[in-house]
Number of protein chains: 2
Amino acid sequence: MTRLRTVACLLPLAALTLAQSPAPQVFGYRDFAQQAKWDKVFMAVPDAALAGQHLKTLTAAPHWASSPEDYATAVYVADKFKAAGLETQIIPYKVLLTKPVKIVIEAFDADGKKLMSGPTPEHVDPNKFGGDPFQDDPRILPAFNGSSPSGDVTAEVIYANYGTLADFQQLAKLGISVKGKIVLVRYGENFRGIKTYIAQQYGAVGVLIYSDPADDGYFRGDIYPRGPYRPETAVQRGSIQFLPIYPGDPTTPGVASTPDLPDSKRIPIDKLQNNQPTIPTNPLSYHDAAPILKALGGAESPRDWQGALPFTYHLGATGTLGAGGNLGAGGTHSTPPKITVHMHLEQDVALRTIWDVTGTIDGTDPAQKEDWVVAGNHRDAWVYGAVDPNSGTAAMLETVHGLGELLKQGWKPQRRIVICSWDAEEEGLIGSTEWAEQHETHLAHAVAYFNTDVGVAGPNFDAAAVPSLKQFVREVTKEVASPKGGTVYEQWKADQATAPTRRSRKPIESTDSDVHIGTLGSGSDYTPFIQHLGVPSTDIGSEGPYGVYHSVFDNYNWFTKFADPTFVYEQQQARVFGLEILHMADADVLPYDYQLYGKEIVGYLEAAQKQATTKNLTLDFTAAQAAASRFAAAGAAIRAAQSAPPSNPAALNQSLREAEGALLNPEGLPKRSWYKHTIYAPGEFTGYAAVVIPGVNEGIDAPDAPRAQSQLAALAAALNRSAAILESANKEAAK
Amino acid sequence: MTRLRTVACLLPLAALTLAQSPAPQVFGYRDFAQQAKWDKVFMAVPDAALAGQHLKTLTAAPHWASSPEDYATAVYVADKFKAAGLETQIIPYKVLLTKPVKIVIEAFDADGKKLMSGPTPEHVDPNKFGGDPFQDDPRILPAFNGSSPSGDVTAEVIYANYGTLADFQQLAKLGISVKGKIVLVRYGENFRGIKTYIAQQYGAVGVLIYSDPADDGYFRGDIYPRGPYRPETAVQRGSIQFLPIYPGDPTTPGVASTPDLPDSKRIPIDKLQNNQPTIPTNPLSYHDAAPILKALGGAESPRDWQGALPFTYHLGATGTLGAGGNLGAGGTHSTPPKITVHMHLEQDVALRTIWDVTGTIDGTDPAQKEDWVVAGNHRDAWVYGAVDPNSGTAAMLETVHGLGELLKQGWKPQRRIVICSWDAEEEGLIGSTEWAEQHETHLAHAVAYFNTDVGVAGPNFDAAAVPSLKQFVREVTKEVASPKGGTVYEQWKADQATAPTRRSRKPIESTDSDVHIGTLGSGSDYTPFIQHLGVPSTDIGSEGPYGVYHSVFDNYNWFTKFADPTFVYEQQQARVFGLEILHMADADVLPYDYQLYGKEIVGYLEAAQKQATTKNLTLDFTAAQAAASRFAAAGAAIRAAQSAPPSNPAALNQSLREAEGALLNPEGLPKRSWYKHTIYAPGEFTGYAAVVIPGVNEGIDAPDAPRAQSQLAALAAALNRSAAILESANKEAAK
């Protein structure tokens with residue numbers, strides 16, 4: 001743990017003349033001119049080559065959370081924070097992590113002949129297309145799924161497509177049971193932990209998750225090292241923690257896993273079923289999955305379950321369809337051959353030390369210096385993590401570099417800035433969750449959390465945000481130049497126009513015609529901030545044809561060939577991230593747009609009501625709709641007040657911040673009380689993707705009318721609380 | 001050539017009591033009751049087991065047009081016609097056919113190493129899933145494309161997706177020239193001859209057309225003999241004649257190729273470029289295409305050009321994209337390796353004798369006995385042709401069986417019925433075209449041509465028809481029981497509701513909400529009738545998962561495993577086909593629906609006008625629209641007259657028939673004067689698929705405003721001619 005006080009120094013005024021065009025009007029500022037000057041000073045600093053150096057250093061070795069190499073990256077980040085003048089801490093937590101000791105996956109045909117024996121090490125031909133210089137490091141852990149229990153099972157195999165709830169339901173409808181079976185599913189469509197969550201509920205005894213070439217392999221484009229897509233042996237690692245129940249250290253939901261936390265305050269390891277799977281689960285490459293899948297008999301899979309491997313996919317059982325499967329005229333197969341898989345996983349599940357790094361710049365405004373602006377990115381990686389997450393880390397260090405330069409020139413933020421480098425995000429958002437749980441009181445009046453995870457995977461900027469910050473993100477991107485020419489905003493808009501379906505972060509609703517901004521689901525560190533504590537959040541990054549996610553090949557070689565060879569998108573990312581921080585730290589009035597927020601919620605309720613009708617549920621939406629309309633009206637009114645801010649906006653700002661907090665329901669969601677937000681949560685059956693007004697929508701989907709009705713009431717109460725805060729601030733402002 | 005007079009005999013009246021429910025009102029009949037009785041008698045006759053026997057006999061050997069085995073099938077069919085009491089003829093024509101002598105396809109990599117040497121014989125493992133009992137017959141011709149010239153070329157290869165006009169245009173846009181290259185394209189999307197037609201215009205020196213597993217192989221479902229889809233070595237043969245220019249014997253457009261036709265009346269073989277390709281073209285299995293495609297370097301293909309082979313498809317050249325192709329962030333490949341293909345084709349192109357078979361039943365109505373009802377199906381096959389075409393032939397023979405029974409019971413049709421078994425359809429609709437050209441004068445007052453080609457490929461009935469006969473087809477299918485329960489009509493409707501996109505014969509417009517009926521394009525024997533002579537036509541059949549089209553495996557073994565094991569769909573087909581004939585032969589008033597026809601034409605014009613606007617063409621649609629409205633109004637009026645027919649409907653019937661004939665433009669279409677119909681033609685760049693109001697639409701697509709405008713005038717003139725005939729008949733009826 002180290003601390004370093006900022007040493008400020010002045011720079012010649014010349015640096016401020018960078019502002020060449022008249023400063024635009026920016027929401028939240030009485031007069032943007034001064035901020036525009038600081039923005040220009042800031043933007044001149046982030047350096048592409050330096051970002052490249054950070055990336056190269058951070059990704060020189062595999063740095064799985066809690067490893068010595070992970071600690072070395074913490075020290076590197078802390079040094080950069082300190083060098084920029086931030087008050088820096090390396091903060092350890094003691095958390096439950098799974099480490100693989102032995103992984104054996106074998107498959108046998110009906111005669112006991114071995115079909116495959118794995119897992120095959122991740123490897124590409126060193127003599128073709130330049131090979132890969134990182135693949136042979138002995139510190140690489142075997143590919144595994146974090147949170148999978150140990151196990152030794154042998155069972156027949158059923159193919160279950162993406163392992164979504166709909167997929168398992170369809171199998172059941174076809175009369176095919178997965179009870180006592182090992183389920184083979186492909187990556188995609190939902191968070192991988194959900195695949196196991198559902199398989200387990202359906203009685204499966206093991207899960208194998210493979211990467212189909214249809215989803216991120218040769219079907220998408222050339223494979224590494226010829227191109228950016230997943231090669232034959234590459235495996236997607238990843239946590240299968242039941243993230244939608246709660247994230248963070250599984251033993252301490254709601255409590256920070258500080259090193260001194262007594263064991264008595266932790267849930268014992270054998271009582272973690274709520275959050276930890278009970279059936280062994282392991283990832284596979286398609287090299288290892290193909291022989292199993294090819295040997296499966298039984299009914300043909302539904303045709304939209306077919307991937308890009310060169311044979312017809314079968315389910316492994318005939319079910320009620322009969323052996324002919326779903327052929328138009330029937331086939332003539334007999335009982336499918338019995339294909340069995342043997343999975344033997346030995347996991348070392350233990351409390352391990354991880355290290356967050358924080359760097360703080362104190363705020364100067366006495367009324368608001370405790371209103372933290374938090375920005376973060378995780379640092380730990382499954383292997384090298386060039387894209388995920390260290391493209392974000394490298395950019396963030398250049399953001400910090402820019403903040404340091406501002407500090408040197410005498411700038412101070414009104415609000416406190418806290419820059420965070422999270423650890424053990426990959427295992428379940430652990431570093432961020434423990435820190436957020438530790439700082440719950442402070443964060444109750446944090447004004448924003450800005451996240452980045454995959455900072456740069458390619459040239460296409462994209463973002464997700466709470467609706468109150470959508471316009472804020474757009475304004476920031478209008479100030480930053482794109483390497484493609486024009487501004488980031490313009491390129492973002494053009495990209496959405498030409499490739500509207502490519503974005504991974506789709507909005508649930510689009511109530512305005514501007515650039516679409518995604519809805520925050522989960523799968524990254526904003527979750528504890530927005531969904532547990534109600535801190536308005538955004539998540540930004542730049543996307544591309546990224547096929548090596550969570551494999552050995554997400555490394556510096558891949559990055560410099562396919563993502564950002566000259567690090568100019570790193571520079572862009574550092575600038576956008578930095579401007580988010582600067583504007584939120586110094587805006588006169590908090591630039592939240594509750595008008596748009598209100599409109600979107602009204603839309604969510606309309607969609608939910610339609611869905612309820614489809615499901616033949618009789619629900620009374622009157623009170624919730626009235627509350628949403630009231631909230632939307634109050635949002636529209638306060639927007640006017642924000643545009644003409646009072647000379648002392650402290651009270652207004654406090655109300656604006658409290659309005660988001662009021663959307664939390666202290667009881668949390670049914671079955672998962674850690675999630676408090678009434679508008680956003682990761683879906684119980686999606687994981688990554690958000691479910692909006694989750695209590696209501698999941699009640700409808702169940703379907704469970706009484707639950708949905710009581711969640712409508714909880715939503716109405718939250719919206720009325722929030723609207724009342726905004727209304728009273730409106731009255732105050734009108735005086 | 002043989003003749004046999006029908007010997008009529010009476011059957012007990014009991015057979016007529018089959019009509020149990022009250023006869024429905026059927027359009028065209030004053031009183032349907034008597035017809036309903038005959039329908040029942042007829043429908044009791046077609047026999048599933050007999051259809052199976054016909055099929056087994058017809059497909060016992062490969063019977064390529066002009067072969068001795070083909071002649072044997074003609075004799076079989078003629079015998080069945082005679083046995084039923086039809087006046088029967090075997091009619092020879094002497095026509096130009098291509099027969100392969102030697103086919104060599106080889107590919108080499110940049111070092112001259114052989115990548116493949118083919119073509120590989122079509123073969124499946126005899127020890128798996130029952131093997132195939134037909135694959136080793138020495139009479140099987142090597143897989144080839146009819147109408148391909150001989151040639152011996154060696155050139156580099158470019159992949160051009162489906163070889164559509166849009167595909168070649170996209171290559172050009174990417175800066176990739178096919179000049180001097182061999183183009184590798186996949187089957188699908190257009191008629192195969194069009195692939196060569198366009199490739200040739202773009203300067204290619206050869207074309208290889210392969211079957212991608214994405215289109216009819218393992219990606220669709222299990223491959224033969226496990227399932228119905230195309231196995232690895234199976235090849236799609238087929239003609240590449242330029243069908244949209246004119247079909248039939250290439251040497252005699254517009255003239256019948258009777259055996260005595262002097263050579264001076266034929267176009268010399270070296271002057272056939274208008275209709276015959278000049279560059280060698282051959283089909284390939286994916287077994288033979290994969291090594292070539294896999295070796296291709298250069299830019300990645302556009303992602304929607306990717307098929308289901310297990311590698312990323314490349315174009316074979318870099319073009320202006322650079323070596324990285326269409327990757328988001330660019331790749332680093334150098335010049336693509338030089339993959340060359342050697343094609344050596346020796347074709348024996350000669351005049352050969354083919355044999356149509358016709359069977360006639362004279363009409364009894366003195367006024368209408370020359371108003372022929374023609375029904376036909378082709379008999380020749382690329383190899384065994386179990387589905388294509390002999391599933392249609394077997395059913396047609398059972399239709400004839402039923403007609404024979406009616407004759408025995410004393411029934412006689414009002415109009416003359418002519419049943420036709422065409423030869424050399426596969427080479428370019430030759431048997432039907434020559435016969436139609438020979439009988440042009442008679443056919444000018446033929447009242448209908450009913451086609452079937454693929455009679456049964458599976459259980460899903462479907463149809464295409466000229467709009468005036470759509471309701472007619474629907475009414476017929478309401479009378480026939482489906483093996484699935486209910487009527488054919490009900491099952492057809494249910495099938496469309498559950499699988500709306502499966503149908504291969506999609507309608508261009510759907511102006512009514514009833515069962516959709518496709519638009520007649522080309523690729524089967526209705527073309528000379530509707531598009532050259534203006535005989536109202538329909539085309540019916542029953543579809544399924546038919547992946548072995550034009551391969552060795554379209555044989556009796558495949559058919560009885562996957563299409564119709566108990567021949568009940570054969571029976572259904574025989575019944576529907578028979579009722580079409582019976583109703584058209586005996587209706588009091590011709591059951592044409594010019595109201596619907598008019599509505600559809602109004603819709604075609606609206607769509608064309610939109611397309612013209614999109615293309616920024618200034619065209620005057622006023623006259624054509626006025627003519628279409630006039631035609632539609634006259635059509636609606638005459639429908640009322642048809643519903644209350646005069647006691648002597650001869651004049652009305654004559655007008656109804658003439659109204660279709662008036663839609664012909666004696667000048668024909670630009671560049672292809674053989675096609676006379678102003679409303680329907682195969683598209684110049686589609687082949688199979690219809691282009692509606694083709695002169696206008698192809699003028700717009702070119703784009704060529706003067707041509708489009710003059711075609712609008714020709715269309716308006718045709719519609720006005722036809723409307724005038726209907727109006728005058730209306731006036732007559734109102735008297």
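Numbered from 1 within each chain, the chains take letters A, B, ... in sequence-line order. Note that this is a predicted model, so its numbers are computed, not measured.
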Checklist line | chain B contact via A/Pro213 - side chain, backbone, both or neither, heavy atoms under 4.5 Å | finding: neither
Next item on the list: Decide if atom NZ of B/Lys484 counts as having more than 12 heavy atoms of other residues, nucleotides or ligands within a radius under 6.0 Å.
Entry: yes
Margin query: Quick check against the 3.5 Å criterion: does B/Gln306 have a side-chain atom that pairs as donor or acceptor with the backbone of A/Arg220?
Written below: no
Item checked: Pairwise side-chain contact, B/His314 with A/Arg226, heavy-atom cut-off 4.5 Å (strictly under) -> yes
Item checked: A/Tyr313 OH to B/Asp222 CG distance, which is reported to the nearest 0.5 Å -> 13.5 Å
Notebook entry, point to check: Which answer fits A/Phe219, side chain, backbone, both or neither, if we ask what part of it has an atom under 4.5 Å from a heavy atom of chain B?
Noted result: both
Check: How long is the gap from NZ on A/Lys294 to OH on B/Tyr218, to the nearest 0.5 Å?
Finding: 9.5 Å
Next item on the list: To the nearest 0.5 Å, tell me how far A/Phe311 CZ sits from B/Glu232 CD.
Entry: 13.5 Å
